[in-house]
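Right, one structure below, let's go through it.
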Amino acid sequence: MIKLINVNMWDLDISKIANLSHGIKRNWYETRTEEELNRDKKLLFQLWDWGHLSVFEFLQLTFFVRVPIFTARQWMRHRTGRYLEKSLRYTKVNEDLKQYETNNEKANRKMRVIYAFAKEVYEKIIKEHHLKPEEARAILPLGLYTEFYWQIDARNLYNFLRLRLSKHAQEDIRQNAQQILDELSKHPKTKNLYQLYINSLSKEEDINELLNKDN
Ligand SMILES: Cc1cc2nc3c(=O)[nH]c(=O)nc-3n(C[C@H](O)[C@H](O)[C@H](O)COP(=O)(O)OP(=O)(O)OC[C@H]3O[C@@H](n4cnc5c(N)ncnc54)[C@H](O)[C@@H]3O)c2cc1C
């Protein structure tokens, strides 16, 4: 589950910020005319094409993410993001914590046995052997879900999407990357950014197959 919970400014404000390099100080998004906004949209795409990318770092997006631990490990290799993950030192795993399932029902049946056993032993070593949750978590499977907040700027989010929508990435994180695109398409402040990303991603050979399938 991926939810876009905060965006620090409108995507077209990236153009306002870039204008200062020509000494032009502009109003923020809310007080601009329709004509100005159209010009800003054109400039947004031009900045991207020119590779004037540092200005995209002003736009910061915060997501809530719930994924299996193994996906979170792949995610956190993206060092330019900021992360705050739910701690298994300070909280305990619940009985009903979501667990990863595959498309293979026979395999799932076997996996569920291990998940249930791991959770049972986890509870026992805490209750009967007085281990702290921070020690007991050592036996938890990678398929249990974790939760974190992720903040990333618009430049590095594109890098994440490009790498994780690729057919070389694992299917699970590819689906998460698509959910991020869906969130961007729905949020009023990121609709132009979404268009810009789609435009750029569709030029990537190992991605456009996936985009064409869904759009
Ligand atoms: C298909 C796939 C398979 C992978 N397999 C493995 C694996 O087996 N093992 C593994 O450990 N990782 C693996 N990775 C992770 C990969 O090596 C990257 O760490 C990850 O994709 C993050 O990419 P990034 O460095 O571009 O992103 P970020 O860390 O967000 O960095 C963004 C950009 O900032 C710049 N940057 C960031 N840090 C530095 C720096 N220190 N020096 C110079 N420039 C920097 C680079 O331009 C970089 O592209 C895999 C990734 C993919 C997509």
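Counting convention: from 1, in listed order, for ligands and their atoms alike.
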Under 4.0 Å and counting heavy atoms only, is there anything from the protein next to atom 32 (C) of ligand 1? yes

For residues 113-122, run the donor-acceptor check on the side chains, cut-off 3.5 Å, and write out each pair with its distance to 0.1 Å, sequence neighbours left out.
residue	atom	partner	partner atom	Å
Y115	OH	Y100	O	2.9
K119	NZ	E95	O	3.1
K119	NZ	L97	O	3.0
K119	NZ	Q99	OE1	3.1
Y122	OH	V93	N	3.1

Which residue and atom name correspond to the protein heavy atom nearest atom 23 (O) of ligand 1, and how close is it? L163 CD1, 3.6 Å

Is atom 1 (C) of ligand 1 touching the protein, meaning some protein heavy atom lies under 4.0 Å away? yes

Kindly say whether L193 contributes a backbone atom to a donor-acceptor pair with the side chain of T190 at under 3.5 angstrom? no

Quiz question for you: does at least one protein heavy atom lie closer than 4.0 Å to atom 35 (C) of ligand 1? no

When the side chains of residues 63-75 are checked against the rest of the protein, which donor-acceptor pairs come out under 3.5 Å, sequence neighbours left out?
residue	atom	partner	partner atom	Å
R66	NE	E147	OE2	2.9
R66	NH2	E147	OE2	3.1
Q74	NE2	Q170	OE1	3.1

Whether D153 side chain and N156 backbone form a donor-acceptor pair below 3.5 Å: yes

Is the shortest N/O to N/O distance between N156 and ligand 1 below 3.5 Å? no

Using a 4.0 Å cut-off to any heavy atom of H168, which atoms of ligand 1 qualify? 1 (C)

Side-chain (R155) to main-chain (V55) donor-acceptor, under 3.5 angstrom: no

Report yes if some heavy atom in the side chain of N192 is under 4.5 Å from a heavy atom in the side chain of D40; otherwise report no. no

Closest candidate by heavy atom, reference atom 52 (C) of ligand 1, pool Q74, R155, R164: R164

Please tell me if atom 7 (C) of ligand 1 is touched by the protein, where touching means a protein heavy-atom distance below 4.0 Å. no

Surrounding CD of E105 (heavy atoms of other residues, nucleotides or ligands, distance under 6.0 Å), is the total greater than 12? yes

Assess, by modelled atom type and distance only, whether the side chains of E171 and Q175 contain a donor and an acceptor separated by less than 3.5 Å. yes

Atom 19 (O) of ligand 1 protein-contacted, heavy-atom criterion under 4.0 angstrom: yes

Within the protein, is there a heavy atom lying under 4.0 Å from atom 25 (O) of ligand 1? yes

Any protein heavy atom sitting closer than 4.0 Å to atom 10 (C) of ligand 1? yes

Ion pair E128/K124, N-O distance below 4.0 Å: no

Which one holds for N159 and ligand 1: side chain close, backbone close, both close, or neither close, with close meaning a heavy atom under 4.0 Å? side chain

Starting from atom 12 (N) of ligand 1, which protein heavy atom do you reach first, and at what distance in Å? R77 NE, 3.5 Å

Within a distance of under 4.0 Å, is there any protein heavy atom near atom 44 (N) of ligand 1? no

Tell me which one of Q170, R73, R79, M76 gets a heavy atom nearest to atom 39 (C) of ligand 1. R79

